[in-house]
8 protein chains.
Amino acid sequence: MDSPAPRHKPLANQNVTVDLDRRQRCGFPEVVYGEGKSDDAVAAVFDELLARGEPALATRISAAQAETLLTRLPGARYNPVARTLRRNPAGAEPAGGRGRAAVVSAGSTDLPVAEEARETLNWMGVDVTMVQDVGVAGPHRLPERVAEIVDSDAVVVVAGMEGALPSVVGGYVPCPVIGVPTSVGYGANFQGLSALLSMLNSCASNVTVVNIDAGFKGGYLAGLIATRVADARAAGEEARDA
Amino acid sequence: MDSPAPRHKPLANQNVTVDLDRRQRCGFPEVVYGEGKSDDAVAAVFDELLARGEPALATRISAAQAETLLTRLPGARYNPVARTLRRNPAGAEPAGGRGRAAVVSAGSTDLPVAEEARETLNWMGVDVTMVQDVGVAGPHRLPERVAEIVDSDAVVVVAGMEGALPSVVGGYVPCPVIGVPTSVGYGANFQGLSALLSMLNSCASNVTVVNIDAGFKGGYLAGLIATRVADARAAGEEARDA
Amino acid sequence: MDSPAPRHKPLANQNVTVDLDRRQRCGFPEVVYGEGKSDDAVAAVFDELLARGEPALATRISAAQAETLLTRLPGARYNPVARTLRRNPAGAEPAGGRGRAAVVSAGSTDLPVAEEARETLNWMGVDVTMVQDVGVAGPHRLPERVAEIVDSDAVVVVAGMEGALPSVVGGYVPCPVIGVPTSVGYGANFQGLSALLSMLNSCASNVTVVNIDAGFKGGYLAGLIATRVADARAAGEEARDA
Amino acid sequence: MDSPAPRHKPLANQNVTVDLDRRQRCGFPEVVYGEGKSDDAVAAVFDELLARGEPALATRISAAQAETLLTRLPGARYNPVARTLRRNPAGAEPAGGRGRAAVVSAGSTDLPVAEEARETLNWMGVDVTMVQDVGVAGPHRLPERVAEIVDSDAVVVVAGMEGALPSVVGGYVPCPVIGVPTSVGYGANFQGLSALLSMLNSCASNVTVVNIDAGFKGGYLAGLIATRVADARAAGEEARDA
Amino acid sequence: MDSPAPRHKPLANQNVTVDLDRRQRCGFPEVVYGEGKSDDAVAAVFDELLARGEPALATRISAAQAETLLTRLPGARYNPVARTLRRNPAGAEPAGGRGRAAVVSAGSTDLPVAEEARETLNWMGVDVTMVQDVGVAGPHRLPERVAEIVDSDAVVVVAGMEGALPSVVGGYVPCPVIGVPTSVGYGANFQGLSALLSMLNSCASNVTVVNIDAGFKGGYLAGLIATRVADARAAGEEARDA
Amino acid sequence: MDSPAPRHKPLANQNVTVDLDRRQRCGFPEVVYGEGKSDDAVAAVFDELLARGEPALATRISAAQAETLLTRLPGARYNPVARTLRRNPAGAEPAGGRGRAAVVSAGSTDLPVAEEARETLNWMGVDVTMVQDVGVAGPHRLPERVAEIVDSDAVVVVAGMEGALPSVVGGYVPCPVIGVPTSVGYGANFQGLSALLSMLNSCASNVTVVNIDAGFKGGYLAGLIATRVADARAAGEEARDA
Amino acid sequence: MDSPAPRHKPLANQNVTVDLDRRQRCGFPEVVYGEGKSDDAVAAVFDELLARGEPALATRISAAQAETLLTRLPGARYNPVARTLRRNPAGAEPAGGRGRAAVVSAGSTDLPVAEEARETLNWMGVDVTMVQDVGVAGPHRLPERVAEIVDSDAVVVVAGMEGALPSVVGGYVPCPVIGVPTSVGYGANFQGLSALLSMLNSCASNVTVVNIDAGFKGGYLAGLIATRVADARAAGEEARDA
Amino acid sequence: MDSPAPRHKPLANQNVTVDLDRRQRCGFPEVVYGEGKSDDAVAAVFDELLARGEPALATRISAAQAETLLTRLPGARYNPVARTLRRNPAGAEPAGGRGRAAVVSAGSTDLPVAEEARETLNWMGVDVTMVQDVGVAGPHRLPERVAEIVDSDAVVVVAGMEGALPSVVGGYVPCPVIGVPTSVGYGANFQGLSALLSMLNSCASNVTVVNIDAGFKGGYLAGLIATRVADARAAGEEARDA
């Protein structure tokens, strides 16, 4: 099990190692989970990725962390609702166009998680449709907006409390629905357990689930599907061409 | 704290006591919870109620219990789906007409609980509309049938798995919705916990909850509301008359 | 699924949408859940409702939020115990008289939840009887006050710790009892789980349950029942009249 | 820590050891927990105790176990409701008179646990008052019978479902109340968890708790208190006498 | 909310309704969840689907159910490990070729769930690679077989006990990984809770989760992705062609 | 159920009612649970009790609360470890001598709960032996001190972490052992759940349990037993005398 | 990651693969977990191991499985208490002498788990001391037998109910203590959760824990330690010799 | 049970007792758990141990505690990541060489727990290899470093989130693996429950588990094994010599 060329690079900050062949192995470069990370650790990864021409994404970056990091990382952009930090090599939002995804959220307090999913999808180059505040208690709200999402390659559905929205969305769209339970609620919500169990028990066959408040993972899964579909179409066009 | 007249009557079966003034105190006579009760105990209560001209209802009566009890209690009727045993003093179904309630269920496996609710409502003299198999994953099913339930005084909604149906029904009807979570499902359903938590966390303001598989209690609450509304209307008519 | 006339109005604050036909669909206008909402969001809904002549209610408004909102919303009134903010179109408490409800609480620390229920009932126009500090460990306290609540159309019972009070109240009154478990307690109370499970397992047939600390929902359910009964009586009087 | 004389005696059945100085150390001889024990193991302890002139008690003895054991242990008596097996050296029920205890139960299905407590108290020589079927949903039932239990040295209260009865009893009697939660119930009862949490969170100061369905332990604790009180009184009489 | 043409057809068995436009809305016809369903109910759906030229799939069919159903449904095939029943209109296995998926399982006792996923994928026309018995405790086993799965459009990973396999697979493949926790294990496994929590907390970004033992849902999600990718490629080829 | 003379007195602070016949009904006056109570409420009860010549005890009084209350309640004494406030009518510690109890604690961090138990016992007039820091991991520590506790009428055993101490103490003493689990620990301790479950499952027959961190209740139960035993002895002496 | 020589051998029974280099990698050959395995699968592994001269061990073999397997596997031996099946190449118990371990159990119902640990240790060639029925409620029992275990290289402690024994043993011995919680108990034991949490929270520093009822794993860990210590001593002797 | 010579010494700080014969009984002196301990208590133990020539270790020492203690305890050294305080009698790091252990951690946020384990091992005189940031999602990372740990006498594996690393490490090394779950993660991690359950259910036979975040205990267990192995080798060398 010898490894002729190093696949990981230990950074100046000794406890962090950048996974150098992540793009090759996984299709996308490494993402920084910011909670509990030092500014040095976050900045080191961002600079390493910039040097390699890769777009950088960090999640769970607090406002306090962002204040420092924005001064250290020119060209980075902070989304205070999503609590994400991003930097593209070219200094601009990526071109998009690698498939279509939708992010649907139940209530306005679910927005931070929905925004984290959106930022992740944008970072992957996926076009995103946002549909907000369509929780199940207002039953006319979702049907009025189904047309905006029905052609997506994947739909991320973000909901707290009883977490019923993914099941309902799942009945309207033919693509995979990635449910993201949120910890929005109180009492017998048990910090998101209620929404999590709901989504795991969804009677809609096309609903799958990620961790509570895991907006990044919800967006990432949707992005993997959307980019794969887009790439397949492009490959089909090329194949026919050849 | 002397009690001049006995309010309870110990039956031949020494461990059971019939609550004699339940009708006066609660509006309806005592109901027998059959699980773990001997045939003697059930029959004794039924006969005591018959002697007092009261309709009798027993729940959680197994098929085996029913076989014996039907021979001992002439005029009784067993519903094998609901697992209920009933007997009316006049030997017939009560007249109905004391308000309107609906029992809505998500899937066909929720039917036993829905039927227990329906039997309870019938026993209370309430007119019942049954709407079955309208779970949220088939989003067109419920709206097509809202007209049948929208004028009810109370709606019992029975659902297992993710238990989302009460929230959706709650958005369509203005009356109280009594959610009855069922233990239908598997895995992370945890014997109905998933549906129970969903309903407790419903974002619909008009949803309240009873115990898992508690079809009787769901029906009873709906019946209390419906009969109270019906009685109020009748009282209004009488008052104006006077 | 065309919708000729818009049923929701996106407010200036883009993430909030007022549900315009809630009154028509549900009988009462939308209520604001204040936790995590910006002042702008709360104020926008209040002003929209005022413009439509509707009474406004917001729950879970912190003292800090209230301080700002009271200056922005002339005529609004804050209840610091209930943490509710209300404003009536006519600038005064509504007339009441739409049915009778009682709010019964076990201990003095349950008062915030009981007050939230009372404010909700008042907002709905229901007459409320408050009965406090009648927990089960002082067994003489409740019987002495049963006469005050026995004629209610619905009783909200607020209790933490072992949550036994709804069962006991349920034995005294013939109407629906809405149990509201509170998170009052410590240790094996598990933030209200103990009281919640107690109420769900109540041996009293007329007890139903809402979420832990859900004073609003408890009051709202009681209000739906009381106003429906009052309206039925009024309709009966009118019907006879016609 | 040398032990000149053996304190335990390994029986023929090699895996069981009778605790010989239990009476001296604890005041009462060893009790056999029958679940999963072989007939040989149970009989060996019974015979050893008989040889030492001690009364024997075994709990959780199934009907099948009892059938065999009654033939092997002449003079033993089986209580099929309590599932207990007892044998007194003199072949008769002990004289009683070592203090007064009461066993109060909520519903008829709680009887097996209540009976186990009663058998244990009788085995200890304590006089027992049984009060059955006084659950909280029939609020007049308990007050009518308080006079029978108020002078007890300890009260065992057995209840399933919401487990509220110990709190209420605790408000009526000045002595310790030992709550025994039972697994009677279904759904959100979670095999007795609901009643257990209720009793642990009792607002009555004099309520303590043992394991779910632990009728033996409930009775044993009450017996320890009652016999200690009785012995103290006797000692007082003797002391004065001396 | 009028519905000019019926979208559901109530079958002879009154409690079951076939969702007629499921194929149009979701891309695939309805699947029967066999647990608790009568033979009549299952057969009715199968016959209705056959009449419409659709392939039928039923899951959770016990051996006893299968015995009867196979005689009633000529051409149906039962997989006793997967507990699935299938019938294709043409009487043969579908052609396949709609994308590539892999089903990876940790231990031999996870096979029933893995087989349920495979049957579902075959029913959807997806080519499947099965990789069995590659749990993490034998760390050389998975790497030796990565080449077989690395080009899949989606990988279903089935694992009980500690449920670590999806995370490890997620590090090797760039496509979405659908984790299916199983209830295989004992003790602190808590019927699959251990594996479920593991997968929800996976540090691999491309892992999403379905319910415990939900082989069907795992397979269905993978199939939705694979067929969508295959269709996109075909569409690309056609587009270029046009 | 008329009540000719008021049994409760509403205080100036409207939400608090002093239970006037608690001494008569329960043997001891009411105790104030300080958490969440206003200074006014605590002071009102203390003053009412002083006026009636009763000793006052308040638990869960924070240092901040104590600072104010000590200035308002002359003669009161605050124990900062136990977080209790007490005041005796005569301005001094009560005479003691009403029975003997021991309070045994496992580790030094369990001391606050042990002290709360001790203060409660002192308030009841019981002589207390404190035995600290004898947790089971130092197996020689407890046996060396058994002689100090073996003659107690009741032993309160306070332990966090694995909560094993009550079982071990239970094997050494013949009297009731009241286990008080504490929330001392971390991780899988789950805020005291570990110790609570241990004590509920104790294999020692004489162990009963109160809520997590419930030092007051542990002490109160022990006090009820000890005073009852002492009173019985005194009554015996008197009876013989008469 | 090419693998020139196969490290696993798929057996005739296609779903089982024998891990051929387990002895080399882990020090001991593969063990069969019998639950849910077919007789063919178990026998195939046993025969493969015999062919390689390795001793075979299978755990969780039911009596029914054993009956068939004993006829198919000449020379195998079944322990009905431990539910283990073993076969040594030479047809006899292995020589032993690779270190010393003790297996200590609390009650007689814990014996099956203790026996599984003992069989595992014997299979590894470790000398085992069994100490039974020394639960903490009989506090004199363990100290009397400490001398038998104090020189062990590792002690396996098996206990259900409150699971306190490992902590106490841990205070007496200097070596690692492997706690094996059992599901023995009832009620708030929650199938072994109580004992598991106790052991995880042990205040003894030398206590580590395995899964509920995991007698094999407890024995295996102890065996790894004991054989490593024995081998080190032997290596020391050899080194000095060289 | 007399004890001629005191085995414990009560310190000036009355609530703390130093366990004087811990070294003799357990092989290592007492360790201070710093959480909630006063500076006086910690310093008293450190000074007592220094006087006896023993190395001192305190865990869970906050930065604030450390600031004071470092001034009071000359020669002590604080590790702010591990939150440990240590002092050796000779003022220097101990010589090491008593066996070899490895501490492997999954992510950089697990480092505090890993460092606590390392400090403990160093305090015991064991040589430690640290391997960090080799979580399972980067599957090439661990195999590249197996050579560094494969000859250890014990491996401590520290991991949060899904806690899969111990199982994977367990497949590579023949020695005992002590899994230390951490509370690193969010949502369905439930403060480390996810990792804890994973490790308890590990399919690797050589994995045992300690409490969540219990770096000390993980290190201590590994140290007990490593020093015992080292001592055995030394004893073997000496034995041969003799």
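Letters A, B, ... are given to chains in the order of the sequence lines, protein chains preceding strands, and every chain is numbered from 1. Only this structure's heavy atoms are used, side chains among them; waters, hydrogens and symmetry mates stay out.
Q191(B) contributes atom CD, which lies 8.5 Å from atom CD1 of I212(B) (distance to the nearest 0.5 angstrom). In this structure, T84(B) OG1 and N79(B) CG are separated by 4.5 Å, a value rounded to the nearest 0.5 Å. Atoms CD1 and CG, from I149(A) and L142(A) in turn, are 6.0 Å apart once rounded to the nearest 0.5 Å. If you take OH on Y186(A) and CE on M161(A), they are separated by 6.5 Å, rounding to the nearest 0.5 Å. Between atom CG of residue L69(A) and atom OH of residue Y78(A) there is a gap of 9.5 Å, rounded to the nearest 0.5 Å.
The backbone N or O of A82(B) lies less than 3.5 Å from no partner atom in the side chain of E119(B), so there is not a single donor-acceptor pair.
The part of F190(A) that comes within reach of chain B is its side chain, from C-beta onward, which places non-hydrogen atoms under 4.5 angstrom from that chain.
The most heavy-atom pairs under 4.5 Å with chain B, out of V169(A), V168(A), N189(A), come from N189(A).
Using a 4.0 Å cut-off between charged nitrogen and carboxylate oxygen, E116(A) and R60(A) count as a salt-bridge pair.
Residues of residues 196-204 of chain B lying under 4.5 angstrom from chain A, judged on non-hydrogen atoms, are L197(B), S198(B), L200(B), N201(B), S202(B), C203(B), A204(B) by number.
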